[in-house]
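Read the structure below first, then the notes.
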Amino acid sequence: MTTPRRILLGLLAAACLPTISAAQEFTLRMHQFLPAQANVPAHILDVWADRVEADSDGRIKIDRFPSMQLGGSPPQLIDQAIDGVADIIWTVAGYTPGRFPQLEVFELPFMSPDAEATSRAYWELAEARMMDTDFADFKPLGLWVHGPGVIHANRAVTDVADLRGLKLRAPSRTTTTMFTELGATSVGMPVPAVPEALSQGVIDGAVIPWEVVPSLKVEELVTFHTEFPGDALYTLAFIFAMNQGAYDALPADLQAVIDANSGLEFSAFAGRTQQEYDAPGRALAAERGNTIITLDAEQVAAWRAASQPTITNWIAEATAAGLDGQGIYDDAVALIAKNNAGN
């Protein structure tokens, strides 16, 4: 080979090096507890990951691990984010009861009129009160709630008295407390455990939003569903978080990509999207011929009155723990009302 040709090939190879080194500079592992085809992974988490990959021009690659494929159990996800077992996680805050006391305010009965409005309020209250306390050990990417919680059971539930003796799966400390106070036998478990628990009679029912019904096939395991029009009987708070060290290791321009795709607007999108997928889940139950009980205003008022002690007791517990219980509650109510105005 002649010297000029060697020089030319060397120059060409050198010209290619920046492109090769720039591609997929950072690979992040995203871990969560639902199957990949479930609504939240498919329509929220993957949307976020795809946007980050595109906006980074491929310099960030996000490997997606559904159904706890990196090991552990759903309650361990938040520690996996802190310890770096995963770079990004999505989890239910209530899987670690009492660990995030301030956000429990959004899980109190009849707090949420709309998932998008409440998700906006959740992020805003977190910025005001939680980022340096509850969330100090990781970087929050999104904070949101799902649509209205529904009681799915093997017998009709219309009045509060119908809960007596009912073994009911509850998803969080707040909902466990509420349903116990209302007369049910509350059983805590992560949502992936619900189908087996229903089929084996460990529980008689579960409280989940409509959107998760298809992935769990709950409409095949129970025949009664109780809806609460207006403010939701309950909702559940989620955390989408990133290991702080993994974020800090990114250069400033890639940190900006993460930030631009996260935060308030992403949280609002996530809450809105999750509630939008309630309709297909409800339709499955209706098509199967299940009984869907939609309570009227008078019936809801009775449930609201019966559940008021849960709110009062939560404020007192938070205050006793050194938190501004009444202030957190009042701020959450005000932020939800502000964000729901015009809906």
Side-chain angles (χ1 to χ4, degrees), residues 18-19 21-32 34 36 39-66 77-78 80-82 84 86-91 93 100 103 106 114-146 237-277 335-336 338-340 343:
T19 301
S21 64
Q24 297 179 15
E25 292 177 8
F26 297 89
T27 299
L28 303 175
R29 296 155 298 164
M30 184 169 72
H31 198 204
Q32 54 87 22
L34 287 180
N39 289 323
V40 170
H43 303 296
I44 298 174
L45 305 184
D46 282 351
V47 170
W48 181 90
D50 290 346
R51 288 174 178 169
V52 167
E53 289 180 340
D55 291 353
S56 70
D57 294 326
R59 293 168 61 202
I60 295 176
K61 181 177 183 293
I62 299 178
D63 289 340
R64 299 123 200 246
F65 296 92
L77 279 164
I78 198 67
Q80 291 184 356
I82 295 169
D87 301 301
I88 299 165
I89 63 92
W90 171 67
T91 191
F100 304 104
L103 65 76
F106 295 106
D114 173 79
E116 179 177 354
T118 304
S119 297
R120 287 183 179 276
Y122 179 10
W123 183 270
E124 289 173 345
L125 190 68
E127 284 194 316
R129 291 182 175 268
M130 303 179 210
M131 294 303 186
D132 297 328
T133 53
D134 297 46
F135 303 149
D137 293 331
F138 52 84
K139 178 177 176 60
L141 302 173
L143 305 169
W144 70 89
V145 303
H146 61 53
F238 299 104
I239 299 173
F240 185 45
M242 185 171 183
N243 174 268
Q244 188 65 53
Y247 176 81
D248 292 341
L250 298 174
D253 62 326
L254 293 184
Q255 289 181 353
V257 169
I258 297 289
D259 293 344
N261 285 284
S262 306
L264 177 64
E265 292 304 323
F266 172 72
S267 299
F269 158 78
R272 180 176 67 252
T273 301
Q274 200 159 350
Q275 185 164 329
E276 286 173 350
Y277 279 92
L335 287 169
I336 290 170
K338 179 199 76 171
N339 284 293
N340 195 48
N343 282 354

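- When all heavy atoms of Ala93 and Ile239 are compared, the pair lying nearest together is CB-CD1, 3.9 Å.
- For the salt bridge (Lys or Arg N to Asp or Glu O under 4.0 Å) test, residues two or more places apart in sequence or in another chain that qualify with Arg64 are Asp46, Asp50, Glu53.
- Atom CG of Asp132 is surrounded by 12 or fewer heavy atoms from other residues, nucleotides or ligands within 6.0 Å.
- For Glu127, there are no salt bridge (Lys or Arg N to Asp or Glu O under 4.0 Å) partners two or more places apart in sequence or in a different chain.
- Between Val257 and Ser56, the closest heavy-atom pair is CG1-N, 4.2 Å.
- In this structure, CG on Leu45 lies 11.0 Å from NE2 on His43, to the nearest 0.5 angstrom.
- Here Trp123 contributes atom CH2 and Met131 contributes atom CE; the two are 4.0 Å apart, rounded to the nearest 0.5 Å.
- For the side chain to side chain contact (heavy atoms under 4.5 Å, CB included) test with Ile44, the passing option among Phe238, Phe240, Trp90, Trp144 is Trp144; the others fail.
- Under 3.5 Å, the side chains of Asp248 and Gln244 contain a donor-acceptor pair of N or O atoms.
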* To do: Could you walk me through whether Glu124 and Asn339 pass side chain to side chain contact (heavy atoms under 4.5 Å, CB included), step by step?
  => CA-CA 10 Å; Glu124 289 173 345; Asn339 284 293; 3.1 Å; yes
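- In this structure Phe135 satisfies the ring pair (Phe, Tyr, Trp, His ring centres under 6.0 Å) test together with Phe100, Phe138, sequence neighbours excluded.
- A pairwise comparison of heavy atoms in Ala81 and Ile89 identifies CB-CG1, 3.5 Å as the closest pair.
- By the salt bridge (Lys or Arg N to Asp or Glu O under 4.0 Å) test, Asp87 is found to be paired with Arg29, residues two or more places apart in sequence or in another chain being considered.
- What you find for Leu250 and Gln255 is that their closest heavy atoms are O-NE2, 3.2 Å.
- Salt bridge Arg120/Glu265: present, at least one basic N to carboxylate O contact under 4.0 Å.
- Rounded to the nearest 0.5 Å, atoms CD1 (Ile82) and CG (Leu77) are 11.0 Å apart.
- Between Arg59 and Pro251 there is a side-chain heavy-atom pair separated by less than 4.5 Å.
- Looking only at side-chain heavy atoms (C-beta outward), Tyr247 and Leu28 stay at 4.5 Å or farther from each other.
- Residues that satisfy the ring pair (Phe, Tyr, Trp, His ring centres under 6.0 Å) test with Phe106, not counting sequence neighbours, are Tyr122.
- Pairing each heavy atom of Asn243 with each of Ala86, the nearest pair is CB-O, 4.0 Å.
- Summarising the geometry, atom NE2 belonging to His31 is positioned 10.5 Å from atom OG1 belonging to Thr91; distances are rounded to the nearest 0.5 Å.
- Annotation: side-chain contact (heavy atoms from CB on, under 4.5 Å) contacts of Arg272 (sequence neighbours excluded): Glu116, Phe269, Glu276.
- With values rounded to the nearest 0.5 angstrom, Asn39 atom CG is found 12.5 Å from His146 atom NE2.
- Among all heavy-atom pairs drawn from Pro66 and Ala36, the shortest one is CB-N, 3.6 Å.
- For the atom pair CG of Asp55 and CD1 of Ile258, the computed distance is 9.5 Å after rounding to the nearest 0.5 Å.
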